[in-house]
Amino acid sequence: MNDSEDILSIALDWHKAGEQVAIATVTSTWGSSPRRPGSRMAITASGRMAGSVSGGCIEGAVAEAAGRSIATGAPQLLDFGVTDERAWEVGLACGGKISVFVEKLVADAPA
């Protein structure tokens, strides 16, 4: 089982236990990005998290978006980025962009 399958298994287990869950998936990257497309994170309404889509403040923003998707049922495509110029200003070697798709988990799991 790979990391993405592990995250989906964890999310399904949480869902079966009665948690409301959202899945965040990296859909595209450019430049400097700590996670590749296909990386996933599961987030529950109660604040549990598993996996990773980036790091630092991006994951906090993704968790907030996950809460909105859980509440409304509406998926979201989030875009984050830092230009090369701004990256140099804060001591990074290069800029980067990442897109993350967030959706509420709706699963009819067999009992």
Side-chain angles (χ1 to χ4, degrees):
M1 190 180 308
N2 66 37
D3 289 344
S4 283
E5 291 170 337
D6 288 344
I7 299 309
L8 293 176
S9 293
I10 291 167
L12 184 57
D13 288 344
W14 287 344
H15 181 75
K16 287 178 181 177
E19 290 266 20
Q20 293 186 41
V21 183
I23 302 292
T25 305
V26 175
T27 59
S28 65
T29 62
W30 174 86
S32 179
S33 174
R35 301 284 183 258
R36 65 180 192 263
S39 297
R40 290 197 170 107
M41 184 167 79
I43 307 101
T44 68
S46 66
R48 296 169 79 181
M49 292 189 282
S52 178
V53 293
S54 183
C57 59
I58 288 177
E59 288 195 342
V62 169
E64 286 180 21
R68 289 190 301 274
S69 287
I70 288 169
T72 66
Q76 302 172 69
L77 182 59
L78 311 173
D79 292 306
F80 303 95
V82 174
T83 64
D84 283 342
E85 294 78 22
R86 182 69 181 137
W88 278 104
E89 290 174 15
V90 295
L92 300 173
C94 63
K97 294 180 183 178
I98 180 173
S99 293
V100 180
F101 184 71
V102 181
E103 61 188 323
K104 181 178 181 178
L105 176 65
V106 180
D108 293 324

Who pairs with [X] by side chain to side chain donor-acceptor pair (under 3.5 Å), at least two apart in sequence or on another chain?
X: Thr72; result: none
X: Thr29; result: none
X: Glu19; result: Ser46

Determine yes or no for a side-chain-to-main-chain donor-acceptor pair under 3.5 angstrom, with Glu103 supplying the side chain and Ala74 the backbone.
->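 No, the answer is negative, given that no donor and acceptor are paired below the 3.5 Å cut-off.
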Backbone N or O of Ser99 within a donor-acceptor pair of the Thr27 side chain at under 3.5 Å?
->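 Such a contact is found between Thr27 side chain and Ser99 backbone.
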Taking every non-hydrogen atom, the tightest pair across Arg35 and Ser52 =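 Distance-wise, the nearest heavy atoms are NE-OG, 3.0 Å.
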Which heavy-atom pair separates Ala42 from Val21 by the least distance, and what is that distance?
->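 Residues Ala42 and Val21, closest heavy atoms: CB-CG1, 4.4 Å.
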Just jot down the salt bridge (charged side-chain N to carboxylate O under 4.0 Å, His left out) partners of Arg68, sequence neighbours excluded, or say none.
->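 Testing Arg68 for salt bridge (charged side-chain N to carboxylate O under 4.0 Å, His left out), a comparison that skips the adjacent residues, returns none.
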Partners meeting salt bridge (charged side-chain N to carboxylate O under 4.0 Å, His left out) with Glu59 (sequence neighbours left out) |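 Applying salt bridge (charged side-chain N to carboxylate O under 4.0 Å, His left out) to Glu59 gives none.
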Output the distance between atom NZ (Lys104) and atom NE2 (His15), rounded to the nearest 0.5 Å.
->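 One gets 8.5 Å once the value is rounded to the nearest 0.5 Å.
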Nearest 0.5 Å please: distance from the CG atom of Leu8 over to the CG atom of Leu105.
->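 Interatomic distance, Leu8 CG to Leu105 CG, rounded to 0.5 Å: 8.5 Å.
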Hey, what else clusters with Phe80 if you join Ile, Leu, Val, Met, Phe, Trp, Tyr whenever side-chain heavy atoms sit under 4.5 Å?
->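 Members alongside Phe80: Val26, Met41, Ile43, Met49, Val53, Ile58, Val62, Leu78, Ile98, Val100, Val102.
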With clusters built from Ile, Leu, Val, Met, Phe, Trp and Tyr whose side-chain heavy atoms come within less than 4.5 Å, directly or transitively, what are the remaining members of the cluster of Leu77, listed by chain and number?
->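 Leu77 shares its hydrophobic cluster with Phe101.
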